[in-house]
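As structure tokens, the structure follows; a few thoughts come after it.
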2 protein chains.
Amino acid sequence: MNSSLTILGSTGSIGTQTLDVVREHPERFRVRYLTTNQNLDLLEKQIEEFQPEGVVICDEKAAEEGEKRFGNRVSVLSGEDACVAVATDPNVEIVMSAMVGFAGLRPTIEAARSGKLIALANKETLVVAGHLIAEALSGSGARLIPVDSEHSAVFQSLVGEERSPLSKVILTASGGPFRKTPVEEFEEITPERALKHPNWEMGAKITIDSATMMNKGLEVIEASRLFNVAANQIEVVVHPESIIHSMVLFHDGSIKAQLSLPDMRMPIRYALGWPERIPGTFEPLDLPKLGSLTFEEPDLGRFPCLNIAYQVLEREGTAPTVLNAANEIVVAAFLERSIRFTDIPKLIERALGEIPVVDDPSLQDIFDIDKRTREVVRSYVVPLHY
Amino acid sequence: MNSSLTILGSTGSIGTQTLDVVREHPERFRVRYLTTNQNLDLLEKQIEEFQPEGVVICDEKAAEEGEKRFGNRVSVLSGEDACVAVATDPNVEIVMSAMVGFAGLRPTIEAARSGKLIALANKETLVVAGHLIAEALSGSGARLIPVDSEHSAVFQSLVGEERSPLSKVILTASGGPFRKTPVEEFEEITPERALKHPNWEMGAKITIDSATMMNKGLEVIEASRLFNVAANQIEVVVHPESIIHSMVLFHDGSIKAQLSLPDMRMPIRYALGWPERIPGTFEPLDLPKLGSLTFEEPDLGRFPCLNIAYQVLEREGTAPTVLNAANEIVVAAFLERSIRFTDIPKLIERALGEIPVVDDPSLQDIFDIDKRTREVVRSYVVPLHY
């Protein structure tokens with residue numbers, strides 16, 4: 001059986017690794033649509049190799065150029081509606097949702113409404129619109145399989161445990177590059193330093209999120225949606241080796257965990273193959289050679305973003321939308337050197353304090369609050385240039 | 001729903017902890033039969049508390065005394081046939097097979113033939129007669145749920161993974177009390193020292209088996225029967241903290257593991273409740289407090305018994321019967337100070353070299369070889385008194 005695949009965000013880190021997995025299993029997967037924001041060079045290579053029926057280039061200017069470069073070989077579309085169209089095409093069975101940030105929201109919701117198997121790498125979707133995704137999934141026959149290594153580990157640990165009440169989700173965190181950096185030095189952290197993650201090679205936005213531990217905060221919110229657990233049932237444990245990808249505690253005291261060397265192709269392969277595990281190349285984990293796995297409590301003083309995310313999860317409504325939008329803006333501002341590393345949590349908290357929460361928001365409410373938050377937070381950023 | 005329970009070996013370490021679990025869930029389990037070798041005092045307390053219909057006392061003299069002491073309150077039987085009868089009684093749904101050593105074999109096979117849910121703590125049964133147990137299980141509707149913490153961990157990790165080929169079973173081993181003891185001192189190891197296990201409180205025989213790592217060797221053989229894997233698919237990793245109870249590696253490179261603080265009531269509860277996890281009291285595992293989990297390769301020079309077991313698994317036939325019987329005799333001889341700690345592997349190897357292997361043995365062959373091995377090994381022991 002050959003499954004047809006749409007990859008939303010095929011030129012990003014998850015997108016290219018998804019294509020690695022497709023390359024391993026040509027008999028199993030056929031790429032039907034690819035989307036990118038504007039990386040035409042890589043997209044052109046992917047078109048040559050995987051021969052999709054169509055591509056979507058979100059950036060309009062890039063789309064025009066793309067049309068000229070390869071419009072004779074493949075259908076070239078642009079815009080959000082086109083992303084929705086390729087995510088809901090009746091000939092597509094699997095949608096890899098790997099666009100960065102808020103842009104993945106509408107295509108992912110529509111893919112859920114149209115009954116796809118969704119491999120979800122875009123955590124923002126669940127963070128801001130968990131209740132809408134849940135609604136879209138119910139009754140459509142769609143399934144959501146998480147691709148984040150942590151949520152994949154939890155998902156894998158829960159397989160076959162449907163009868164067994166879950167007490168806790170225990171998310172592991174590498175602690176990022178600044179786990180041991182003196183807090184006094186945090187003001188001086190540059191984008192270059194923050195982009196060096198000890199264990200994972202990822203896109204820039206998520207790497208900064210790892211450095212602030214906002215990534216773990218978003219994952220806490222994501223876990224609450226995926227596994228139907230409250231904030232006080234989600235624990236974060238710092239595990240610098242990133243070998244145990246996460247754990248679940250059952251009500252009998254038993255913990256189940258999923259382990260491997262860090263390699264995003266493994267959760268991608270799991271999501272695409274589910275409910276079957278499909279084989280693939282991997283570097284074997286040699287625990288005796290590794291010697292030890294270590295664990296510590298997260299330092300909430302050092303990483304206020306994690307705490308902010310827990311508070312936002314307790315508050316709910318559009319608070320997660322504000323959190324997510326504010327974080328996207330301040331991370332971009334940090335990467336452009338407009339603000340300092342230590343401004344990241346401060347400006348997010350300021351936005352959360354200023355923008356009123358709408359409870360039980362519609363998709364339109366979420367779009368409105370997202371837009372408003374971005375405007376408000378952009379206004380914070382300008383005067384802070386350093 | 002109330003399940004009726006026979007506990008084979010109710011006065012041993014697993015038996016008493018099984019009754020702890022029953023005590024937690026009086027609405028769920030009803031004790032119908034208890035068996036002991038000869039511990040009348042404890043059996044009498046258990047009769048008072050759990051009000052079984054009948055008890056079996058294996059030792060005939062003890063049975064006579066038991067009949068006098070509590071024969072007016074409960075039916076008192078003796079002998080192997082009585083053990084079989086209480087393991088196959090049509091009113092019993094669950095049989096906890098927790099007799100020590102070879103004695104558990106026939107009652108367990110008969111329980112399998114009569115379709116029980118068998119919680120298996122007696123590893124010798126699978127070691128010597130894996131193929132007969134498999135035959136007995138097939139078609140009878142019986143299910144075997146392992147109670148050893150390692151095999152329970154593997155079993156739990158495999159739940160829901162029926163479609164996913166298993167590459168390896170990774171059994172963890174504490175390494176026992178002599179992991180760091182200089183090999184030159186091994187000759188002088190006394191039973192008192194060997195009986196001090198760092199992590200687990202267990203019966204004397206299994207504690208000595210842990211000190212020689214024969215316990216892990218028997219577990220390797222047991223794992224091959226339970227999970228249908230070859231010797232080269234079973235790896236032993238020393239993990240002194242005994243927190244990860246064992247692991248499985250799938251063909252996609254993913255490892256699943258089950259963890260908890262060492263507490264045999266947890267795998268007992270799992271086996272009795274399967275396919276549901278039933279709640280119970282437990283000390284929570286606090287990984288940050290623990291700090292680290294460590295791993296090393298087993299030192300086969302220091303622990304030759306582990307290697308012997310791997311060779312026996314490759315050889316099959318009645319070799320596992322000889323291994324098991326020889327080990328029972330030499331461990332008893334060591335506990336009686338008739339031989340030294342270092343004689344344990346030597347005498348087992350001698351027996352394996354001298355007693356010819358019968359391939360594809362019947363139950364009668366196994367009984368014959370078991371008996372012969374015990375006689376032969378007893379003859380080794382006498383002259384070695386120290």
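A note on names: the letters A, B, ... follow the listed sequences, proteins ahead of strands, and every chain is numbered from 1. These numbers come from the heavy atoms of this one structure, side chains and all, not from hydrogens, waters or symmetry mates. Keep in mind that this is a model prediction, so the values were computed, not measured.
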Practice problem: Output the residues of residues 270-280 of chain A for which the shortest heavy-atom distance to chain B is under 4.5 Å, in residue-number order; output 'none' if no such residue exists. | Solution: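 Expected list: Y270(A), P275(A), E276(A), R277(A), I278(A), P279(A), G280(A).
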Practice problem: Mind listing the closest non-hydrogen atom pair of K256(B) and Q156(A) along with its distance? | Solution: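 Closest pair (atom of K256(B), atom of Q156(A), distance): NZ-O, 2.7 Å.
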Self-check item: Closest approach of S260(B) to G253(A) (non-hydrogen atoms, all atoms of both residues)
Solution: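 So the two residues come closest at CB-O, 3.9 Å.
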Side chain, backbone, both or neither: which part of [X] has a heavy atom under 4.5 Å from chain B?
X: F282(A); result: side chain
X: E296(A); result: backbone
X: S254(A); result: both

Quiz item: Who wins among L259(B), I170(B), T281(B) for the most heavy-atom pairs under 4.5 Å with chain A?
Solution: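 The option with the most such pairs is L259(B).
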Quiz item: What option among L293(B), D286(B), V159(B) has the most heavy-atom pairs under 4.5 Å with chain A?
Solution: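 Heavy-atom pair counts peak at L293(B).
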Practice problem: To the nearest 0.5 angstrom, please state how far the CE atom of M266(A) sits from the CZ atom of F250(B). | Solution: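 Result: 11.0 Å between the selected atoms.
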Quiz item: Does some side-chain heavy atom of L287(B) sit less than 4.5 Å from a side-chain heavy atom of H239(A)?
Solution: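 Counting from C-beta outward, H239(A) and L287(B) never come under 4.5 Å.
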Exercise. Could you tell me which of R265(A), R163(A), E297(A), H251(A) has the largest number of non-hydrogen atom pairs under 4.5 Å with chain B?
Key: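 Looking at each of R265(A), R163(A), E297(A), H251(A) in turn, H251(A) comes out on top.
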